[in-house]
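Keep in mind the model is a prediction, meaning the values are calculated, not measured. Start at 1 and go down the list; that is how both ligands and their atoms are numbered.
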Amino acid sequence: NSLPIIDSLKKEIKNAGLEDFVSVSLTGCFGFCAQGPIIRVCPDDIFYIKVSADDAKEIVQEHLVNGNLVDRLLFLEASERKKVSKLEDMSFYKQQMRIALHKCGYMNPEKVEDYIANNGYANLSKCLTELSPEEVIKEVKLSGLRGRGGAGFPTGIKWEATRNSKSNQKYVVCNADEGDPGAFMDRSILEGCPHKVLEAMAICGYAVGADIGYIYIRAEYPLAIERLNLAISQAEKLGLLGENILGTGFNFKIELKYGAGAFVCGEGTALMRSIEGNRGEPRMKTYSSTKKGLWDVPTCSNNVETFANIPPIIENGGQWYRNIGTENSSGTKVFALGGKINNVGLVEIPMGTTLKDIVYNIGGGIPDNKKFKAVLTGGPSGGCIPVDHLDTPIDFDNLSHLGSMMGSGGMLVLDETDCMVDIAKFFLEFTVEESCGKCTPCRVGNKRLLEILTKITDGKGCEQDLLDLENLSKTIATTSLCGLGKSAPNPVLSTLNYFYDEYKAHVVDKK
Ligand code: SF4
C-alpha cells in the first residue's frame with residue numbers, strides 16, 4: 001500500500017518546489033498496524049494515519065507549505081487533539097519502551113548510511129577495539145537478558161558456554177523461523193532494521209569465537225530476505241562484515257538459510273538439522289547445542305528479538321538493561337497484539353507491565369465495548385489467562401505460574417462472544433497439523449485430544465471426556481520429545497482450569 005503513497009508524495013513535493021528541502025524516505029514498521037499506512041513528518045514528529053496516495057497533495061500543501069496540521073488525518077483522541085504532537089505522547093506508545101524495536105520506523109532499512117548515522121555498527125566497533133570477548137559476555141550476563149524465542153534461557157550463560165566449548169569451528173545461528181500464527185515481531189525487526197541483527201550476530205561471533213553465522217529464515221518472508229541480503233552486501237562492502245572487520249583481524253560472515261514453513265523447525269535441534277540439509281526433525285538433547293550444535297560443533301543460537309537487544313546493551317551497559325523490567329525478567333518484550341482489540345499492532349513494553357495496561361491503555365480496549373474474557377499468550381502452545389488475572393505483571397515466571405507462557409510473543413485477546421472450547425480446539429488443530437510425527441505422545445496423543453475436543457464441541461461429549469482430556473494432556477506434556485509436543489496441550493489445560501463451566505455446558509450428562 002505504501003509505495004504509491006511515496007510516489008505521490010515525491011510528485012507533490014516536486015510540484016510545490018520543495019524537492020531541495022524535503023526528502024521522502026521509506027521506513028520499516030511503526031508497530032501501529034491498526035492505523036497504517038502511516039506517514040511521519042520529521043523533525044515535527046507528526047504522525048498521519050490511514051493515508052492514501054490521494055492525501056499526499058493535502059499533506060504537502062497544508063503541512064509543508066502552509067505549516068498547518070492536516071487534522072482529519074491525525075490520530076489523536078478528541079481530548080488530546082490539540083496538545084499531542086509527538087508519537088511518544090500517543091496512548092498507544094506512552095507506556096511502550098522501544099529497545100528491540102528501536103530504530104524500526106525511524107530510518108530507511110535499505111540504506112546502511114541511515115543505520116550508521118544512528119550509531120549503527122558503533123557497538124561492534126566498541127567490542128572489537130575496547131572489550132575482550134569475556135568482557136562482552138560479562139555485559140550480556142549482567143543485563144539478565146533471557147532468550148525471547150520462548151524458552152527464556154539466559155543469553156549470557158549461553159554465550160559463555162559456547163565460548164568455553166573447545167573447538168576450531170563454532171557457529172552463530174539466528175532463529176528467524178517465526179512460526180506462531182499472528183506473531184510478526186521478528187519479521188518487523190528484520191524488515192525495519194536488518195543491520196541491527198547483523199551487528200548483534202557479529203558481536204556474538206566475536207564473544208563466542210565463531211566466524212560464521214547463519215540466519216534461518218522462513219521463505220514466506222520475502223521482504224525480510226530481500227532486505228537482509230541487501231544489508232549483508234552493504235556491510236561487506238564497507239568492511240563491517242566478512243574478512244578483517246574494521247581492520248581488527250576479526251572475520252565473520254553471515255549466510256541466509258531458508259525454511260519451508262514447518263512450525264517445528266523453530267525448535268532448536270530441528271532448525272539445525274534443517275540448516276545441515278536434513279529433514280527438520282527434533283532430536284534428543286543429549287548435549288547442549290553450545291557443545292554440539294550445527295554439524296556437531298559448538299553453536300550459539302538466539303532468535304531475532306534476542307539479538308536486537310544486544311547493540312543497546314553494549315551501548316548502554318548490562319546494568320542499564322538489568323534495571324528495566326522485573327527481578328528475573330529484565331528488559332522489554334515485544335508482543336504482537338491481535339484478536340478482539342482496538343489497537344492491533346506490535347507493542348514493546350517493559351517486563352512487569354500488567355496485562356490490563358496492555359489491553360486497555362496500549363491496546364485501546366475491546367471493540368464495540370464488549371467484555372474482555374481472556375488473553376492467550378504464547379501462541380498456539382500458550383495458555384488462556386482470564387479476567388481475574390488482568391492485574392498480573394507480565395514476566396516469564398508470572399505467565400508460567402498462570403499456566404501460560406511468554407512464547408515468542410503472540411498475544412490474542414478474546415471477548416465475551418468467544419467460546420473457550422472452540423479456541424482450545426482451534427489451536428490444537430494447528431499443532432496436530434504441525435507435529436513432525438517422530439514421537440508417539442505428540443503424533444498420536446494430540447490427535448486423540450483433538451478427537452475428544454471435536455466430540456465435545458459437536459455436543460456428543462460426556463463428563464468422562466473431560467477427565468480424559470485432562471489426563472491425556474498431562475501425559476502428552478510430560479512424555480513428548482520436544483517443546484512442540486510438550487506445550488501443545490497448554491490451551492486445553494488452561495481453558496479446563498479457568499473455564500471448566502464452558503466445557504461442562506457442552507457435555508451431555510449420561511447419568
Ligand atoms: Fe515431533 Fe511432536 Fe515429537 Fe516434537 S513432540 S518430536 S514435533 S512428534
Side-chain angles (χ1 to χ4, degrees), residues 147 149-153 173 175-183 186 216-220 257-289 291-296 299 301 303 376 378-383 400 403-410 424-454 468-496:
F153 190 82
V173 166
N175 185 343
D177 191 57
E178 190 170 50
D180 283 8
D186 290 352
Y216 186 83
I217 182 165
R218 51 203 303 117
E220 293 99 329
K257 293 280 180 182
Y258 305 119
F263 183 60
V264 75
C265 284
E267 196 275 343
T269 60
L271 181 150
M272 289 185 204
R273 297 288 78 82
S274 179
I275 290 180
E276 291 166 358
N278 299 315
R279 182 184 160 113
E281 229 177 34
R283 62 175 182 175
M284 290 284 287
K285 287 191 175 161
T286 326
Y287 296 97
S288 158
S289 61
K291 286 195 170 61
K292 281 190 173 191
L294 207 47
W295 289 291
D296 283 344
T299 302
S301 173
N303 88 326
L376 182 128
S381 318
S400 160
S404 187
M405 60 199 276
M406 187 77 76
S408 64
K425 184 172 159 240
F426 174 80
F427 283 110
L428 199 65
E429 279 168 349
F430 175 83
T431 39
V432 164
E433 183 72 21
E434 293 293 336
S435 165
C436 80
K438 181 170 178 171
C439 69
T440 312
C442 172
R443 183 185 68 245
V444 180
N446 280 316
K447 271 204 186 117
R448 293 291 91 82
L449 265 190
L450 184 57
E451 282 168 10
I452 299 171
L453 275 176
T454 305
D468 290 346
L469 266 186
E470 185 171 354
N471 290 334
L472 185 52
S473 292
K474 287 179 177 166
T475 304
I476 295 167
T478 46
T479 55
S480 290
L481 177 61
C482 83
L484 188 152
K486 284 182 195 301
S487 57
N490 280 351
V492 179
L493 284 169
S494 68
T495 47
L496 272 172

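Pairing each heavy atom of P491 with each of A424, the nearest pair is O-CB, 4.0 Å. Closest approach of I476 and P441 over heavy atoms only: CG1-O, 3.6 Å.
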Would E470 and K474 satisfy salt bridge (Lys or Arg N to Asp or Glu O under 4.0 Å), going step by step from the backbone distance to the final call?
CA-CA 6 Å; E470 185 171 354; K474 287 179 177 166; 2.9 Å; yes
Verdict with supporting geometry, T454 and K425, side chain to side chain contact (heavy atoms under 4.5 Å, CB included):
CA-CA 7 Å; T454 305; K425 184 172 159 240; 3.5 Å; yes
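To the nearest 0.5 Å, atom CG of residue L484 and atom CG of residue N446 are 8.0 Å apart. Here the straight-line distance linking atom CD of E433 with atom CD of E429 works out to 9.5 Å at 0.5 Å rounding.
Atom 1 (Fe) of ligand 1 has C436 SG as protein N, O or S atoms under 2.8 Å away.
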